[in-house]
Amino acid sequence: MKLALNAGRLLQAAEACTGLHDWGDPSLPQRFQLAIAKLQALNLDEAGQSVAAEVALGLLTSRLQFFNDHNTIAGLADEVIERPLFATGEPRSGTTLLHALLAVDPNARALRFWQVMYPSPPPGMASDDDPRRAQADADWQEINAMAPEWLRIHPYNDMLGDGLPECERTWAMDFRVMTPTAWWRAPIGMWVGGLPVDARAQYRIHKMMLQACQFDPTKQQPKKHWALKGFHGPRLAAFFEAYPDARLIWTHRDPLQVTASRIGMAIALNQAFGTGEVDMAQQAAIHLAATRAGIQDTLNNPLVDDPRIYHVRYQDFVADPVATIQGFYQFSDKEFGEATERAMRDYLANNRGDRYGKFHYTTDWIKEDLNQLNAEFAPYREKFGLDLETRK
């Protein structure tokens, strides 16, 4: 039976199929109603509404089960997240490769898509043959089939359910932002804003997810540090409140190249998950505005100079990723041994970024005077020692 894209009915259905009623936040039903209203305003066809309703119900049931786990499983809420490592930066500034390298360290643990897509029961208790792994693989095979061009832009999606989600994916069930677009598998475009945000509430769920994923009632698993990635720059106060002993590596890249690459990614995702022809000028304006906002936030935020943050240039990271990470480990007082270096170099040797073809993008897509933009972004480049990046 096809589900109706109706907030009240979906909330009732989630409670009925789980037998649970504690949403972990009394504002969740109202926020969910707002999210559904925004989906309804897109005038999706019947198939699109059905898919969106199915994904929404899955997120709701996962949320009820997730909060019930934390309320009922002894010791889960007592898990300590100790000295985690995080990567951050503007989109398209090398953070995904950085995250992948941090994650292959034998002494590290990382979130996996299957864990954040299906977080109950606690993934830390899961066996190697847990069916959630296969289900997430199937989900990602479907997503990759819908968006084949995405693999050129983001080849890491070939890891399927074992792939590395951004931190923002942990609070998909919170309906404060409608990421990730691909999970919806419905023609909603690359829609990421318009819902009320609460950074502290989002990091609360994030930490709960980490607790669930490292929870080991047998106490037999080796202790490892977390290696994570998210767009934490605009939320630094709440970030360090949640993780006061965290260390953050922040990549910085020429904003014009960031913008051009973002536009290219948006074109591909909107073609796969959109409702029609992509308006290039509109996408260029959207992503230039987003880059401007991110750069201004970075320049105006005094926490950017917090001593727990390790700033690196994109050019330096691309030139020698392993040496860059070794410097971050020294900064973070983490051991960088032979096994760590070997794992990172093996990853680089066996996972070329162009394994599905080259991703081409150009600053010609930016319909403003590039010289004026370079002048506008000069304070950012000067603060972080960036050169103008030129590409063929």
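For this chain, numbers begin at 1 and follow the sequence in order.
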Original post:
If only atom types and distance count, is the side chain of Q257 paired as donor or acceptor with the main-chain N or O of E389 below 3.5 Å?
Top reply: yes
Original post:
In terms of hydrophobic clustering (I, L, V, M, F, W, Y; side-chain heavy atoms under 4.5 Å; direct or indirect links), are L164 and I325 co-clustered?
Top reply: no
**OP:** Name the orientation class of the two ring planes belonging to F86 and F239 (parallel below 30°, tilted from 30 to 60°, perpendicular beyond 60°).
**Re:** perpendicular
**OP:** Using modelled atom types only, decide if a donor and an acceptor are shared between the side chain of N144 and the backbone of N157 within a distance under 3.5 Å.
**Re:** yes
Original post:
Say you draw a straight line from CZ of R253 to OG1 of T259; how long is it, rounded to the nearest 0.5 Å?
Top reply: 10.0 Å
Subject >> Note: D174-R63 ion pair, threshold 4.0 Å (strictly below) >> reply: yes
Original post:
When you check the side-chain N and O atoms of W226 and E82, is any donor under 3.5 Å from an acceptor?
Top reply: no
Original post:
Any link between L97 and V258 through a network of hydrophobic side chains (Ile, Leu, Val, Met, Phe, Trp, Tyr) touching at under 4.5 Å?
Top reply: no
Original post:
Is T95 reaching over with its side chain to a backbone N or O of G89, donor-acceptor style, under 3.5 angstrom?
Top reply: no
Original post:
Does the side chain of L248 reach to within under 4.5 Å of the side chain of L236, using non-hydrogen atoms?
Top reply: yes
Original post:
CE of M146 to CG of L269: how many Å apart, nearest 0.5 Å?
Top reply: 11.0 Å
Subject >> Main-chain N/O of G58 paired with T61 side-chain donor or acceptor, under 3.5 Å >> reply: yes
Subject >> Stepwise salt bridge (Lys or Arg N to Asp or Glu O under 4.0 Å) test for R381 and E376 >> reply: CA-CA 10 Å; R381 294 197 313 275; E376 177 183 336; over 6 Å; no
**OP:** Inspect the contact between D105 and K224 and indicate whether a charged nitrogen and a carboxylate oxygen are less than 4.0 angstrom apart.
**Re:** no
**OP:** Taking the six-membered ring of F240 (Phe, Tyr or Trp), confirm whether the NZ or CZ of R308 is under 6.0 Å from its centre and within 45° of its axis.
**Re:** yes
Original post:
At their closest point, which heavy atom of G24 faces which heavy atom of R204, and how far apart are they?
Top reply: O-NH1, 2.9 Å
**OP:** Enter the distance from H360:NE2 to I153:CD1 here, rounded to the nearest 0.5 Å.
**Re:** 11.5 Å
**OP:** I would like to know whether Q49 and D45 meet side-chain hydrogen bond (donor to acceptor under 3.5 Å, both in side chains); could you show each step before the answer?
**Re:** CA-CA 6 Å; Q49 289 186 47; D45 60 19; over 6 Å; no
Original post:
With a 3.5 Å cut-off and no angle check, do the side chains of D22 and N71 form a donor-acceptor pair?
Top reply: yes
Original post:
Do any N or O atoms from the side chain of H287 and from the backbone of G264 form a donor-acceptor pair under 3.5 angstrom?
Top reply: no
Original post:
What about F32 and L3, same hydrophobic cluster or not, with Ile/Leu/Val/Met/Phe/Trp/Tyr joined at side-chain heavy-atom distances under 4.5 Å?
Top reply: yes
Original post:
Are W171 and Y203 near enough that their ring centres are under 6.0 Å apart?
Top reply: yes
Original post:
Is the shortest side-chain N to carboxylate O distance from R313 to D254 below 4.0 Å?
Top reply: no
Subject >> Sidechain-backbone polar pair: H70 side chain, M208 backbone, donor-acceptor under 3.5 Å >> reply: yes
Subject >> Distance-minimising heavy-atom pair for P217 and M125 >> reply: CD-CG, 3.9 Å
Original post:
Has R355 got more than 12 heavy atoms of other residues, nucleotides or ligands less than 6.0 Å from its CZ?
Top reply: yes
Subject >> Path from L28 to L20 over hydrophobic side-chain contacts below 4.5 Å >> reply: yes
Original post:
Taking side chain as C-beta onward, heavy atoms only, is E368 less than 4.5 Å from Q372?
Top reply: no
**OP:** Step through the shown structure and confirm whether more than 12 heavy atoms of other residues, nucleotides or ligands are within 6.0 Å of CD on Q30.
**Re:** no
**OP:** Kindly check if the number of other-residue, nucleotide or ligand heavy atoms within 6.0 Å of CD (E54) is above 12?
**Re:** no
Original post:
Among H232, K207, R83, H206, whose side-chain hydrogen bond (donor to acceptor under 3.5 Å, both in side chains) with Y243 holds?
Top reply: H206
**OP:** Look up atom CG in L85 and atom CG in N107, then write down how far apart they are to the nearest 0.5 Å.
**Re:** 11.0 Å
**OP:** Taking atom types as modelled, find out whether Q135 and D139 have a side-chain donor-acceptor pair closer than 3.5 angstrom.
**Re:** yes
Original post:
Is there side-chain contact between H311 and T251, with heavy atoms separated by less than 4.5 Å?
Top reply: no
Original post:
Looking at OG of S120 and CZ of R132, how far apart are the two atoms once the value is rounded to the nearest 0.5 Å?
Top reply: 7.0 Å
Original post:
Step by step, would you call E168 with R235 a salt bridge (Lys or Arg N to Asp or Glu O under 4.0 Å)?
Top reply: CA-CA 12 Å; E168 288 76 10; R235 301 183 291 262; 2.6 Å; yes
Subject >> Geometric class of the Y329/H225 ring pair [parallel <30°, tilted 30-60°, perpendicular >60°] >> reply: perpendicular
Original post:
So, N301 side chain and D297 main chain: donor-acceptor pair closer than 3.5 Å or not?
Top reply: no
**OP:** Could you tell me which non-hydrogen atom of A199 sits nearest to which non-hydrogen atom of A238, and how far apart they are?
**Re:** CB-CB, 3.6 Å
Original post:
What do the steps show when you test R92 against S261 for side-chain hydrogen bond (donor to acceptor under 3.5 Å, both in side chains), and what is the final call?
Top reply: CA-CA 6 Å; R92 315 304 301 162; S261 186; 2.8 Å; yes
Subject >> Side chain proximity check, L111 to E166, heavy atoms < 4.5 angstrom >> reply: no
Original post:
Looking at the rings of Y380 and H252, which for Trp means the six-membered one, are their centres under 6.0 Å apart?
Top reply: yes
Subject >> Rounded distance [0.5 Å steps], CG in L210 versus OG1 in T170 >> reply: 7.5 Å
**OP:** Could you tell me whether the side chain of I267 reaches within less than 4.5 Å of the side chain of E149, counting heavy atoms only?
**Re:** no
Original post:
Hey, does the side chain of N351 reach the backbone of Y347 with a donor-acceptor pair shorter than 3.5 angstrom?
Top reply: yes
Original post:
Would a hydrophobic clustering, with Ile, Leu, Val, Met, Phe, Trp and Tyr connected at side-chain separations under 4.5 Å, put V116 with I73?
Top reply: no
**OP:** Please assess R152 against K358 for the test side-chain contact (heavy atoms from CB on, under 4.5 Å), listing each intermediate value before the final yes or no.
**Re:** CA-CA 6 Å; R152 290 192 185 190; K358 287 283 188 182; over 6 Å; no
**OP:** Look only at the side chain of T88 and the backbone of W250, and say whether a donor-acceptor pair between them is shorter than 3.5 Å.
**Re:** no
**OP:** With sequence neighbours excluded, tell me which residues meet salt bridge (Lys or Arg N to Asp or Glu O under 4.0 Å) with D198.
**Re:** none
**OP:** State, yes or no, whether a side-chain contact exists between R133 and D128 at a heavy-atom distance under 4.5 Å.
**Re:** yes
Original post:
Do F67 and W23 have ring centroids that are under 6.0 Å from one another?
Top reply: no
Subject >> Evaluation steps, side-chain contact (heavy atoms from CB on, under 4.5 Å), between W140 and M117 >> reply: CA-CA 11 Å; W140 271 102; M117 295 173 84; 3.7 Å; yes
Subject >> Minimum heavy-atom distance between A212 and L76, given as atom pair plus value >> reply: CA-CD1, 3.7 Å
Original post:
Between D216 and K219, is there a donor-acceptor pair closer than 3.5 Å when you use the side chain of the first and the backbone of the second?
Top reply: yes
Original post:
Among side-chain atoms of Y356 and D158, is any donor-acceptor pair under 3.5 angstrom?
Top reply: yes
Subject >> Shortest non-hydrogen contact between T96 and K229, atoms and distance >> reply: OG1-NZ, 2.8 Å
